[in-house]
Structures are given as C-alpha cells and as structure tokens.
Amino acid sequence: MLKSIFRILVALTLLLLSQACKNNQESTSMISKKLFGKLTNGSKVNLFTLTNKSGTEATITEYGATLVSLFVADKNGKFEDVVLGYDSLDGYVKGASYFGAIVGRYGNRIGKGKFNLDGKEYQLTINDGENHLHGGALGFNKVLWKGEEIESSEGASVKFSYLSVDGEEGYPGTINITVIYTLTNNNELKIDYSATTDETTILNPTHHSYFNLTGNLENTILNHELKINAEYYTPVDSSLITTGELAKVENTPMDFSVTKKIGEKIDSDFEQLVYGKGYDHNWVLNNFDGNVNNVASLYEPTSGRLMEVLTDQPGIQFYSGNFLDGTTVGKNNIVYNHRVGLCLETQCFPDSPNKLNFPSVKLTKGDTYKQQTIYRFSIK
Ligand code: GLA
C-alpha cells in the first residue's frame, strides 16, 4: 500500500516538473501562426510571429520569406517596429522595393543579365534598365515559400523552403533552398540559408530589410551612425554595374571604417554617390575567412538602438533607400519618403559571375550552399 502511494507521488512530482519545464520553455520563446491572405490562384499565405523572452517580436510571411515587422525595444524599453513593409499581403505582391524579402537567386545586379558558366552562355531576365536585378521579374521575393516551425535550442525558429526549377528567370539547375529565421533570446535575428542544385549553377541570395532604428518610419535614416569593417569597396558604372575594381575607401565619402553619420557626405558630388543617388554599393569586408564575423554596426542615438551585422559572406551592399520617393504607402498608412530606410545586404559581390577577380558564386551539383547572417540588437 505504502509502496503504491509512494509511486503515485513520484509520478505526480515528475508530471509537475515536466509541466514546469514546458511552461518555462514557452515563456522564453514563442511562435504563432495565422493566415496573412490568399494569392489570386487561391494559395493560402501564412504569417509566423516569433517572440523571445524580452518581448522582441519578428513577423515573417511565406510570401518571399519576407520579414514583415520587427519590434525591438529602445533605451526606454519601448517596443517599436524597425523595418519598412506593408500592412497586407497585397502590398508585397504589388510592391517593387523588396521590403524585408529574401532576394535571389542572385542578390544585386548581373550586367546585361548575361554570364558564362563552364563554357556555356546564359541569358537571365532583364528587369533593371539593361541589367538583371535581384533574381529577375519573379525572384525569390515574389514566390510562395513553405513555412514550418522547427525545434531550435536557440529560440523561436521557422524554416522556409522553396524549389526553384531549372530555367527559372534564365538560371540553370533546379535549386532546393531553405531559409531558417531564428529569433534568439539574445535579441538576434539569425538567418541561415542552405541550398543544393541538380546541375551546376550560380547562387547568391540575400536579405533585403530596410531598417530604421528610430522606430518611426517617417524619419529619415540620415542621423544613423554606420560602421563597416572594410578598407575597400567595389565601384560601379552609371548603370550600377561593378567595374571589377576594388577601390580604397580611405579619404572618400565611402569610408565607414570609422563610425560615421550616414547623412554626413551622402549628397557630396563624389562620382560614385552621384551614380548611386546616394549609397548603393558593395563593401569588401575585411578579414573574410568564411566564418561568421562581426562586419558592420548601425547606431541610432535618439532611440539608443544598436544593430550589429554578423555574416560569413565576403561583401555587404549598403543601400540608403535612394529610390524611395514618397510614392509608396507602407504600414499604418505611412508614406515612405526618400531615405526612410536602409539595407545592409550580406552577399557575394555584385556581377561576380562576370568578374573573375571577385569571389565565386558557383554552386556545383553535390555541394551545399550555406550562409549565415545575424542582425543583433542591443542598447548603447
Ligand atoms: C538594392 C540595389 C538598389 C535597389 C534596391 C531595391 O539594394 O542595390 O539599387 O535596386 O535594391 O530598390
């Protein structure tokens, strides 16, 4: 009799303990899923919300594997959205600014959309003047990915998968790509890419959030302070195609090797800034070794928000929102004016398939493409 009472007590204690552990896990990170909308073909598009123990919240949709909002605390503990975007799915379907999306297969431009791979010429969709930009007309940002919650010891995690078929936008090979977003309890938004191909091809995806750390998407980003760990950048021609040259940032407005206010030199008559209508260039990251390194930091003094960028990629495209011109209405009916958001897109250098001195973006059958990029938030 006593023995069975003891057994029941032990079982009850174990049950209570396991419940307590579960609740504890649930209170540190959470994921919820809801319907965002439907595409014209009837496909349902989901929205996942990831929350961490300090209340940071990232919402990501299956359409374009797009980060829709990112609520981060300021120095007074006030949570505000620090990325541009739209209120509804329709905005993302119609929009042309790549807000928050995964872009690819090739982030940034390929001159005239042409490249040669193993002796064969390929012609990609032309969708930016005479060039190919961000994967073409229906790049990774304009397709429906499949999202699923996954287990992660680091925080709330959602995996997005997409099968890009042979010939899509002119690219060879069928690519199976997954992108995992994890919101860690250290206030990091971690993005892990993985892809394989059934035929040798090129691949260079990136993430295209427009950040505004003031938390008020009506403000410009000109008072943000930026540091990029790079001594060189890749100059462009007037159609924004890299020339192949690596130029020193020293003594030019391109120098962010020491923290600088973005607005300080943005309107100077330096030819590269005239071509880009502001900053729209790739920086050649120092000490690239294939490991995840701290490569850039962005600080906004009024909110105290600091965002560090860590990546295993060789380059970062800093785009200062120069094409935003007040014609786009975003979340909460806010009109997105000139330079109200900036992108820090980790990637290989633009037009690298045509620049043999740039790191290669070739993905061979049997190999796996990997990228990890982290946007880490704190208060300074
Ligand atoms: C990138 C490009 C810019 C522009 C934006 C999207 O960052 O470098 O030139 O095309 O995307 O508008």
Side-chain angles (χ1 to χ4, degrees), residues 64 66-67 83-86 91-92 94-113 124-142 169 191 204-212 217 220-221 224 226 228 230 233-243 254 256 262 266 271-284 296 298 309 311 313-330 336-352 354-355 358 361 373 375:
T66 300
L67 178 68
V83 292
L84 273 58
Y86 304 100
Y92 291 96
K94 294 186 178 143
S97 302
Y98 306 88
F99 291 148
I102 295 298
V103 301
R105 297 187 186 187
Y106 200 91
N108 214 277
R109 293 175 177 78
I110 295 184
K112 308 220 162 49
L124 305 172
T125 310
I126 301 299
N127 63 327
D128 185 66
E130 53 181 15
N131 301 315
H132 175 85
L133 173 69
H134 290 336
L138 292 177
F140 289 169
N141 62 312
K142 291 285 179 195
E169 300 295 324
I191 312 177
N204 181 35
T206 189
H207 175 78
H208 209 289
S209 271
Y210 289 64
F211 297 98
N212 183 327
L217 306 180
T220 73
I221 46 79
H224 285 54
L226 179 65
I228 304 178
Y233 71 105
T234 51
V236 291
D237 65 19
S238 60
S239 75
L240 300 185
I241 296 296
T242 47
T243 59
M254 312 306 275
F256 287 95
I262 291 172
I266 198 168
E271 190 176 55
Q272 286 296 315
L273 291 179
V274 175
Y275 286 162
K277 300 183 170 58
Y279 294 104
D280 193 355
H281 298 81
N282 168 71
W283 271 256
V284 178
L298 182 70
V309 185
T311 190
Q313 293 299 292
I316 196 165
Q317 180 83 10
F318 162 41
Y319 167 59
S320 52
N322 314 307
F323 296 124
L324 297 173
D325 59 3
T327 54
T328 300
V329 180
Y336 290 149
N337 287 319
H338 198 212
R339 299 177 178 156
V340 293
L342 71 97
C343 304
L344 289 166
E345 306 155 55
T346 56
Q347 57 187 32
C348 197
F349 308 168
D351 201 31
S352 54
N354 295 310
K355 306 280 151 56
F358 285 0
V361 290
T373 292
Y375 297 100

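Indexing begins at 1, ligand by ligand and atom by atom, following the structure's order.
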K.L.:
Do H134 side-chain atoms and G107 backbone N/O form a donor-acceptor pair below 3.5 Å?
P.N.:
no

K.L.:
Number the atoms of ligand 1 from 1 as they appear, then name those within less than 4.0 Å of a heavy atom of L133, with their elements.
P.N.:
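What qualifies from ligand 1 is 10 (O).
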
K.L.:
Under 3.5 Å, is there a donor on one side chain and an acceptor on the other for N204 and R105?
P.N.:
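Note: N204 and R105 side chains miss the donor-acceptor criterion.
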
K.L.:
Do I110 and N354 have side chains that get closer than 4.5 Å, going by heavy atoms?
P.N.:
yes

K.L.:
Nearest to atom 8 (O) of ligand 1, what protein heavy atom do you find, and at what distance?
P.N.:
D280 OD1, 2.6 Å

K.L.:
Where does D128 meet ligand 1, judged by heavy-atom distances below 4.0 Å: at the side chain, the backbone, both, or neither?
P.N.:
neither

K.L.:
Once rounded to the nearest 0.5 Å, what's the spacing between atom CZ of F318 and atom CG of N282?
P.N.:
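One finds 13.0 Å between CZ of F318 and CG of N282.
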
K.L.:
Within ligand 1, which atoms have a heavy atom of R109 less than 4.0 Å away?
P.N.:
2 (C), 3 (C), 8 (O), 9 (O), 10 (O)

K.L.:
For ligand 1, which atoms, with element, lie under 4.0 Å from some heavy atom of N108?
P.N.:
2 (C), 8 (O)

K.L.:
Exactly one of Y86, F323, F99 should register a ring pair (Phe, Tyr, Trp, His ring centres under 6.0 Å) with Y336. Which one does?
P.N.:
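Of all the options given, the one that passes is F99.
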
K.L.:
Among protein heavy atoms, which sits nearest to atom 12 (O) of ligand 1, and what does the distance come to when rounded to 0.1 Å?
P.N.:
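Sorting protein heavy atoms by distance from atom 12 (O) of ligand 1 puts Y210 OH, 3.6 Å first.
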
K.L.:
Kindly confirm or rule out an N or O of S97 lying under 3.5 angstrom from an N or O of ligand 1.
P.N.:
no

K.L.:
Side chains of Q272 and D280: any donor to acceptor distance under 3.5 Å?
P.N.:
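No - no donor-acceptor pair under 3.5 Å links their side chains.
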
K.L.:
Can you tell me the protein heavy atom closest to atom 7 (O) of ligand 1 and the distance?
P.N.:
E345 OE2, 2.7 Å

K.L.:
Closest non-hydrogen protein atom to atom 1 (C) of ligand 1, residue and atom name please, with distance?
P.N.:
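Here the closest protein heavy atom is H134 NE2, 3.1 Å.
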
K.L.:
So, applying side chain to side chain contact (heavy atoms under 4.5 Å, CB included) with L133, which one of T125, N127, I126, V103 is it?
P.N.:
N127

K.L.:
Please identify which atoms of ligand 1 are closer than 4.0 Å to at least one heavy atom of Y98.
P.N.:
6 (C)

